[in-house]
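Predicted model, so just to flag it, every value in this text is computed and none were measured. Throughout, a chain's letter reflects where its sequence line sits, starting with A, and its residues are numbered from 1.
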Amino acid sequence: MNVPWLTVVLAVPLGASLLLQVVPRSATGAIKALTVGATLLTAVIVAVLVAAMSGTHLSPGPLGFHYEEQHSWIPAIGASYHLGLDGISAWILALNAAVFLLGAVLISRRGTDRLKLFCGLLLLTETMTAGVLLSLDLLLFYLFWEGMLIPLYFILANYGNENRGRATVKFMIYTVAGSLLMLVSIIALQYASGRGSFDITALLGGQMSRTPVVIPWVNISTFSPEQWAFLGFAAAFAIKIPMVPFHTWLPDLYVSAPVPVLVFFAGLVSKLGAYGFIRFGLTLFPDAVNTFKWLFAALAVLSIIYGALMALSETDLKRIVAYSSISHLGFIALGIFTLTTNGVNGAVIQIVNHGIIITALFIIVGVVEQRTGTRDIRELAGLEKRMPWLYAFFLVATLAGLGMPGMNSFVGEFSIMLGAFQLYPVYAVLAGVGVVLACWYMLRLHQGLMHDPPQPRTEGVRDISVRQGLVLLPLTALMVLLGVFPRPIGDVARPSVQQSVAVANGSLVATAVTIPAVTSQAGAP
Amino acid sequence: MLAVIPPLVTPSGVDILGILPEVILAGGFVALLMLDLVTSQAHRGRLAAFALVAVAASFGSTVWGWFDAGTPHTVYSGSFAYDRFGLFINAIILISTALVLMISPQYLNRRGLHYGEYYSLILAAATGMMILAGASSLMVIFLAIELLSIALYILSGFSRTEPRSHEAAMKYLLLGGFASGFLLFGMALIYGETGHTQLAQIAAALQNAGNSVDPLLMAGIALLFVGLAFKISAAPFHTWTPDVYQGAPTSVTTFMSVTTKVAAFATLIRVFTYTLGETTVYDRWKIIVYFVAIASMVVGNVAALRQNSVKRLLGYSGIAQAGYILIGVVVLSPLGTIASLYYLAAYAVTNIGAFAVITIMAGRGEDMDSYDSLRGLAFRRPYVAAAMSLFLLSLGGFPPTAGFFAKFFVFAAAIHANQVPLALWGIATSAVSVFYYLRVALLMYTRPTADQPVYNWSRTSFAGGAVLVFTGAGTLVLGIFVTLVWTIAMAAQHGILPAGVI
Amino acid sequence: MNTTTVAVCGSLLMLFPLAGALVNALAGPRLPRNAVNLVGTVSIFAAFVVACVMLTLVVGAPASAKAATVSLWQWINLGHGGLSVGVDLTLDPLSAVMIMVITGVGFLIHVYSVGYMAEDRGIARFFSYMNFFIFSMLVLVLAADLVILIIGWALVALSSYLLIGFWYERPSAVIAARKAFITQVIGDVALVIAAFLIVLKVGTLSIPGIFASAGSFPSSGLLVTGICSLLAIGAFAKSAQFPLHTWLPDAMEGPTPVSALIHAATMVTAGVYLIARFHPLFDRAPVAQGMVACVGIGTAVMAGIIALSQVDIKRVIAYSTMSQIGLMIFAVGIGAYSAAMYHLAAHAVFKALLFMAAGNVIHALHDEQDIRLMGGLAARMRRTEVCFLSGTFALAGIPFFAGFFSKEGLLGFGLTNGPGAVPWILYIVGLVINVLTGLYAFRLWATVFRGEAQTARVYAAHEAPPMMLGPVTILAVLSAGLGIVLGIWALFLHANVLGGVFTSFLAPVFTTATSGPIAVDLGTWPAVLAGTIGTLASLAGAGFAARMWLQRRPDPSAVLERLPRALPQLSYNKFYFDEIYDALLVRPTIALARTTRKVIEPRAMDGWVRAIADACSELGGWARDYQTGLIRDYASYMILAAGIFVVATIVLVSR
Amino acid sequence: MNATNDFPFLLGLAAFLFSIGALGVLIRRNPIVVFMCIELMLNAVNIVFVSYGRYLNSEEGQVFAFMVIVVAAAEVVVGLALITQVFRLGRELDVDDLDEMSK
């Protein structure tokens, strides 16, 4: 049986969004049902694919992929329709399916203006983000990467509060600027490799020249082409993550966007930058990534601290969560640029974990805003009394958010910091400061909302609805479950991460820092 | 002393096959002039239908020519190239013309401009452009340019009672004539210094000249370039563009914004890439083309930031696009030529789509010109707004649309020619452009507040809908099934005349 | 020991409290109060029973196999060169002692809570948190992998946070909870970094594995010193030792049973447990040991001084806790692990007792905690007073009470170890601590129960209900009786009076200690001599306290008026640590955060983006300005450009 | 006169005329005069063509000049018609007035 499963994953939401066009605008029930159905179907397929992955055929080569599909697309320039799934993308793809499902569930059928448009765009976005995760051809990747912006743009521009226009345009220009730099790098990579191919498997391991480029006339030698190309990629990914100082689009956007959008935007879209770094940064530019790792790790640490400080001083709930997201994404970036098995594995784990956490946090903050009509932390207090269920979910999410040992994010952060410690102990210690600050601002947020004597604003607010509870329950359950039993993610990601790290370290730094063989088993002598 | 007159070469009758599409269209143009006299005002739509038939016939012969011109050659003593390159350009021009003809009757009726000359003038201009596409002699180039220009002068002033339209026509006329002077001076100098007016012979003469430098020849090349740069509205010769685009009736703007540029670029590629391209003098000189390309990208995109008329905006956007296409010209490589051709096709389909929306939606007696007139379009005309968004995104270079691959290929051409800075200029300005394209796109999806006037959009006719569907589909096809047009463009480049230079 | 049995017992031990916590958390609000109480207490009782079984397992095991480690599941495995952690449990005498203390004292405090919290509406939440705490504490002491230990370590901090902030409508409780948690997280980070250092050296985080390769750490090396210092910082945060001690007094905002359970008996002693557990490393890092000992004894003195001037009944006990834990930390610092553990167990008993007796008082006075408003309670709360006195005796180290043996043991131990005059200095400081302890312990008893009633409320006070008095009584009996029994047994049956039973029970754990000072014995008579001197010191303190407060009752806050002015000021203001931290850490951070938000974010971060946007817009305006609409202008641009091109062309080509 | 000798002079004359024409476009405000200046430029080019044709002994220059004359005539027809129409709408004949859209 040769079903192109990955194409199916892309096609289901796309098909559903087209199918939506024939549903009459007034049939909101049918629209919603179709949307939820399609995302659910995608989620089920993805779940089965990820679960069954290890048993399927693995393509040969330095990076092995499952469910590989390859068809000719633009043979003249060597671009092909090449899809594949591996340990790095598997869980992120699952996260993708999950957040879109949650987003679809959360859409308010009555409260959403032009429901059909919204649902259609949501489904389209899912196709695009899944495409980003599955593409193994750089041009195809770019197509999805940039194409993702189209539905996102219309969602963000159409839904949300009154400031959304500016925020959206800022986001778009920011992202497009970064993406275009990446485009130049993609072309340069294809040209320089001499293979006439955009396929990642053909471009692996640094094909570009490593002699510095000399600026004509002034004769200043600069970075090598490989390094320049890497910086092009890095621009796109660093903006998408975002890393400080490329982050200013994020708070504005998160504040203006509605919750169902935030669920998949904060939950997944911003993780794609990190994914890009792992998938392309490490494997295509081993020399450059080793040259610049200190810089990007430093930026990551800066993001951690900076985001934490901002979250500490903001008074707007959504902005606090937004900056906390910047801080946490800094951890992910730090993990990637350690170029160690631990760090990168931790980053993959943390991508999934943070997706879960931030989704829950935004839902919670959204509920609070909806119920009380304000996002100002100073006007809120004592909600625990009024909303005990929300309190419980929020507590779990807060703890997960501050990296509580025993919760899911601890797994990732521990692994990331261990990786960082192997390479740059100082960075790990600074990240530790970030952990303490995270504790501070998360508690400030949590306690500010939940504790202290109730404020007049919070009189008579209702607890969360059943639907919201049904969305939060699996999220919080996962936070605990993946904290207690994180092994599945690590096991799936492990082989691919090891391959990627091996490629990244190539022959250059293979002996830099390696931990002795780890044999921590029960009762080890 | 009498000049030695070379033996007169009589063109063979078969040569007419080489200009068959042009002849058919010219025939249509003349016939339309006649038909207009016998058609009552109520039935002027039939003139459009006839013009469409003429375009279709010409297109048919173009397609036939595509297969016939497997071995490219010149006809009429080398003054006209019968090659796939010209035919490719012909096809773009003909399709664009057809699309414009489809949206015109409704628009003209609404604006009260429905006169029969319109269609003949359109065909005349299209004929000129097609001749320009195939022209391989300076003389034919000049004649073709004047043919299309004169027709367009009249067309831009077609709204006889509207001062804006007059202003546009006057500017176009005076500045166009002015530019023609430069063009002609350049041609004269080139002719004088090489002794030839046919491109192939000029190329040969330059090859023979080797490294020697002839200042007058160089001045001639520069002036020729100025004349053509005016036609493609490249900076700093672009200043007429926004005014003329804004003032001319929208259907005319639709037509000329695309077709003139396509035809002029065809000549630019023929002359600068394939005639002068390989010479050492040109190699040192081409920095000027660089400059013009960069200036166009910068000026077009930056100036567009602060506009409030959609037509003007698209005018500036056209200037910027000219800059991008010029990248494909300056890199002097087959890839560059193919990229330019791809870009022209993408630009044609996208830009016609964008202008078509404005044409189709225009209300009675007024153009849909200001940004305000687009506000809230999506609420009343969701599909039109979606189409417009698609075109704007394509102009902005978002995948998976035509505009993305167009830019992708020119950037690729630049990088493959080791001209990375050119590509960087391109992307920097592209990023800027996102702002104004999206601003317009956003406007359509913004609900007007109570105090803002709601524009009275027209209903979309069948023809208008068909045009939008075609251009929309084309935008996507060029953005996804790239190989389709790419292959054709490659074949077009393969057979270009004068051959053998690159 | 049979590993399966251990695994089953260990799992059950943790599952009971966890199940109790979950049941009360999810179903609690809908259950009747009695059911909630029942779930809350029975789950801990069940755990206690299991703990007893486990203790017998350990006791019954042959001396060579007192420790067993079992693996429950693989937590994470990142493959070769990567992290690998298993959820493993270890049962050995050390953890057996700890689980006994936790479940035993814990159970009594749970029972007490039923009475104490009888009128609180959040009882289900309370028991849920309390049970969860017991669970977390068990994870901490049973963990056989450093990561799992860290998880337990953090979970107890979480429970502590939740319980301190239990009355969440009190702003002071909320702030205290946050402070406690953040301090704990600082400790967590230190532990995590210690874990990194360990795993990078020995490649495993399994605790038995670490100890097995402890030899690979060069003795007194920088690495092992660093690791031990970091571990110690973690321990200091948890055990409220200088400089991470300021959270503990504030933590008294929680309900009194919480203070008894978490902030006296169990959690705060986890730091002692941690150092004792990691003794194979500490033994190789004398510098770190010395640091630990100094911090411990320093904190003990400091807290003792502060305790003298505090007026909140719970805060006084809290500072006494800090002081006592300081002693334990001192003990582990000098290698007296068994003595420290003995004091830990004894302290758990008498300090829980003190807290619960104080809780009785507070309850009777309707949440009054200021000792200046008490006095004369002995008449109305006779039994409570007796129990309290039993605890006070134990605390002050009066002979034959629980605290006597443990404290004299560990102080005496110091004499046998250390270079030069250090042991003597430490011993003298220890005597000072004894004096201080006697002083503040009896001060509290005297001001609360003796003298004259200061407010009318005292006259309305009633003895606590049996549900509260019962556990107090049991602990009082233990604190007096256990000591007496042990003392007699030790005196007459054993040559070694210094908690001999304990020492021999724990011996298998600490035999691996390379520089085993455990083997050193003072000898009987010197020990008796040391004990006598120590006792005299305690009694001196007690006598002084009695003289000051028993009859005359001056303002209890003006304790040390006869001393130089600075000392009472320092004491009353808790050595200004809160203020110093506020000025050095909290305010600068907040100021930095505010600057970031108000200046850096808009000016720098957003500034560069906006600068580009403005520049483009400016250029756009410029281009627009040149678009005059005048044909003549346009023509002049063209001719200008054409002219430049022609000239440039000629110049370029003829170059 | 000798074709070779007076050739630089003819070229200079043409350049001079071309410049006058261009300058006129820049200076004059009446569209009709501007138009005449453009015609002057074209005719200057004609001189170049014709003199080159003679100098090079080739007939292409002459042919080109004829073409230019014809095209210029056509342009004049259109141009004058346009200018008349503007005038008929009651506007001043001043190119500087044609800046409505840029305001």
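Looking at every heavy atom in both residues, D/P31 comes nearest to B/M170 through CB-CE, 3.4 Å. The heavy-atom pair separating D/E75 from B/S180 by the smallest distance is OE2-OG, 4.4 Å. Scanning both residues, D/L56 and B/G192, for their nearest heavy atoms gives CD1-O, 3.4 Å. The shortest heavy-atom contact between B/M187 and D/F64 is SD-CZ, 3.7 Å. When all heavy atoms are compared, the tightest approach of D/V48 to B/A188 is CG1-CB, 3.6 Å. Residues B/Y153 and D/L82 approach most closely at O-CD1, 4.2 Å, considering heavy atoms.
The structure places CG of D/L80 at 9.0 Å from CG of B/L173, a figure rounded to the nearest 0.5 Å. Once rounded to the nearest 0.5 Å, the distance linking OG1 of B/T161 with CD of D/Q85 reads 9.0 Å. To the nearest 0.5 Å, atoms CD1 (D/I38) and CG (B/L175) are separated by 7.5 Å. To the nearest 0.5 Å, atom CD1 of residue D/I83 and atom NE2 of residue B/H166 are 12.0 Å apart. Atoms CZ and CG, on D/F49 and B/L138 in that order, are 7.5 Å from each other to the nearest 0.5 Å.
Ring centroids of D/F18 and B/F185 are separated by less than 6.0 Å, placing the two rings close together.
Proximity to chain D is limited to the side chain of B/F142, based on heavy atoms less than 4.5 angstrom apart. Looking at D/A22, the atoms closer than 4.5 Å to chain B (heavy atoms on both sides) sit in the backbone and in the side chain alike. D/V68 touches chain B through backbone and side chain together, each having a heavy atom under 4.5 Å away.
Within a 6.0 Å sphere centred on CZ of D/R28, heavy atoms belonging to other residues, nucleotides or ligands number 12 at most. The neighbour count for D/M36 CE, taken as heavy atoms of other residues, nucleotides or ligands under 6.0 Å away, does not exceed 12.
In this structure, B/E146 contributes its side chain and D/V71 its backbone to no donor-acceptor pair below 3.5 Å. A distance-only check finds a donor-acceptor pair linking the side chain of B/Y191 to the backbone of D/G61 [under 3.5 Å].
When side chains are defined from C-beta on, B/L184 counts as touching D/L42, because their heavy atoms get closer than 4.5 Å.
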Before you tell me yes or no, could you show the steps for D/L11 and B/L216 under side-chain contact (heavy atoms from CB on, under 4.5 Å), namely the whole-Å CA-CA distance, both residues' side-chain angles and the distance that decides it to 0.1 Å?
CA-CA 11 Å; D/L11 221 50; B/L216 280 184; 3.9 Å; yes
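Of the listed residues (D/A44, D/G79, D/A15), the one with the most heavy-atom contacts under 4.5 Å to chain B is D/G79.
Listed by chain and residue number, B/R160 satisfy the side chain to side chain donor-acceptor pair (under 3.5 Å) test with B/E117 (two or more places apart in sequence, or in another chain).
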